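Below, chains carry the letters A, B, ... as their sequence lines are ordered, and counting in each starts from 1. All values reported here derive from a predicted model rather than from experimental measurement.
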Amino acid sequence: MVKNTLPARPVGKTTKAKQRQQITTRLLEFSGLEANWDGDGADAVTEETLELAKRVAFSLIDADVNIDFCVPMRNGGVQLEFKLGGDCEMEVQPNGDIFFLSYDDAANLLSKEKLSLEQIKKHAGYPL
Amino acid sequence: MPDTPYEILGTDNLLRRIPLKPSHIFQGRITSACFKTKPGENGLSVDIEAIVNDITATYNKETHTLARLAAAIPMDLGFDCKHDPVEGNYAHALIMGDTNPIAKKLASVAQPIEPTTLLDL
């Protein structure tokens with residue numbers, strides 16, 4: 001009898017590779033957006049911003065952060081949403097700035113910090 | 001069209017258009033990104049539900065859904081709400097100022113609605 005030697009995989013756990021694929025697919029949706037895509041004057045998202053957003057997202061995934069959602073911002077940035085204790089967001093701005101936002105349970109903004117990619121890993125508890 | 005601007009009270013409801021493509025709603029919750037102003041904007045565009053005359057003129061259900069939130073929410077947070085009629089939309093209003101600090105709060109209380117639930121005029 002041949003034993004099943006595959007390691008047990010936790011039920012419901014999405015692999016990092018799959019998460020990266022999902023984020024990449026989602027970001028690709030934004031590349032086709034034109035100016036005023038929201039009907040309220042939103043800016044298009046540039047390829048440079050999308051690439052930086054992907055790098056930020058992959059850094060979070062590597063640090064075992066599960067990204068819940070990803071949306072284009074009206075100013076041409078990209079917003080990543082996830083939980084680290086409470087609700088958090090990462091804003092990837094069109095000028096290349098990256099901001100980390102955290103909220104309390106009542107959706108009040110607790111802090112907004114400008115970060116680098118290296119600091120993102122540190123904030124997520126991932127050793128440099 | 002009345003000459004006197006509509007005075008928005010805390011009891012008024014405001015309507016915000018939420019893009020459907022790409023989706024801005026995750027697990028029934030609207031993302032805060034829908035409520036963040038851009039640099040240079042003097043406020044966040046909304047419609048005053050009480051004086052919306054023809055919602056089809058300002059809303060395309062193929063590309064957007066609508067969300068309702070009480071004007072009291074931004075007002076209690078110190079943000080004025082001002083009637084701001086524009087060409088083709090008398091009900092247009094602004095939540096004045098940079099709404100980024102309260103965008104998450106607005107998103108948390110805004111309720112997606114179907115246009116058939118709008119007030120009967």
Separation between CG of A:Leu33 and NZ of B:Lys21, rounded to the nearest 0.5 Å: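 These two atoms lie 12.0 Å from each other.
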Separation between OG1 of B:Thr31 and CG of A:Asp68, rounded to the nearest 0.5 Å: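 B:Thr31 atom OG1 to A:Asp68 atom CG measures 11.0 Å (nearest 0.5 Å).
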Transitively linked via ILVMFWY side-chain contacts under 4.5 Å: [X] with [Y]?
X	Y	result
A:Met90	A:Met73	no
A:Leu52	A:Leu80	yes
B:Ile48	B:Leu106	yes
B:Met96	B:Ile73	no
B:Val109	B:Met75	no

4.5 Å side-chain heavy-atom contact, B:His24 and A:Pro72: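 Result yes, sub-4.5 Å side-chain heavy-atom pair found.
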B:Arg29 vs A:Asp87 side-chain heavy atoms within contact, under 4.5 Å: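 A side-chain contact under 4.5 Å exists here.
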Part of B:Gln27 within contact of chain A (heavy atom distance under 4.5 Å): neither
Heavy-atom contact with chain A under 4.5 Å, split by part of B:Ser32: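 The answer is both parts of B:Ser32.
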Sort out for me which of [options] touches chain B most, counting heavy-atom pairs under 4.5 Å.
options	answer
A:Asp38, A:Asp40, A:Asn75	A:Asp40
A:Gly32, A:Ala107, A:Gly77	A:Ala107
A:Phe30, A:Tyr103, A:Phe69	A:Phe69

Which heavy-atom pair separates [X] from [Y] by the least distance, and what is that distance?
X	Y	value
A:Leu109	B:Pro101	CB-O, 3.8 Å
B:Pro22	A:Arg26	CB-NH1, 3.7 Å
B:His64	A:Gly39	NE2-N, 4.4 Å

Step through the shown structure and confirm whether more than 12 heavy atoms of other residues, nucleotides or ligands are within 6.0 Å of [atom1] on [X].
X	atom1	value
B:Lys82	NZ	no
A:Asp105	CG	no
B:Lys105	NZ	yes

Options B:Ser108, B:Ala107, B:Ser45, ranked by heavy-atom pairs under 4.5 Å with chain A, top entry: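 Ranked by heavy-atom pairs under 4.5 Å with chain A, first place is B:Ser45.
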Pairs of heavy atoms under 4.5 Å with chain A: top-ranked of B:Gly40, B:Pro39, B:Ser23: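 Heavy-atom pairs under 4.5 Å are most numerous for B:Ser23.
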Donor-acceptor contact below 3.5 Å, side chain B:Lys104 vs main chain A:Leu101: no
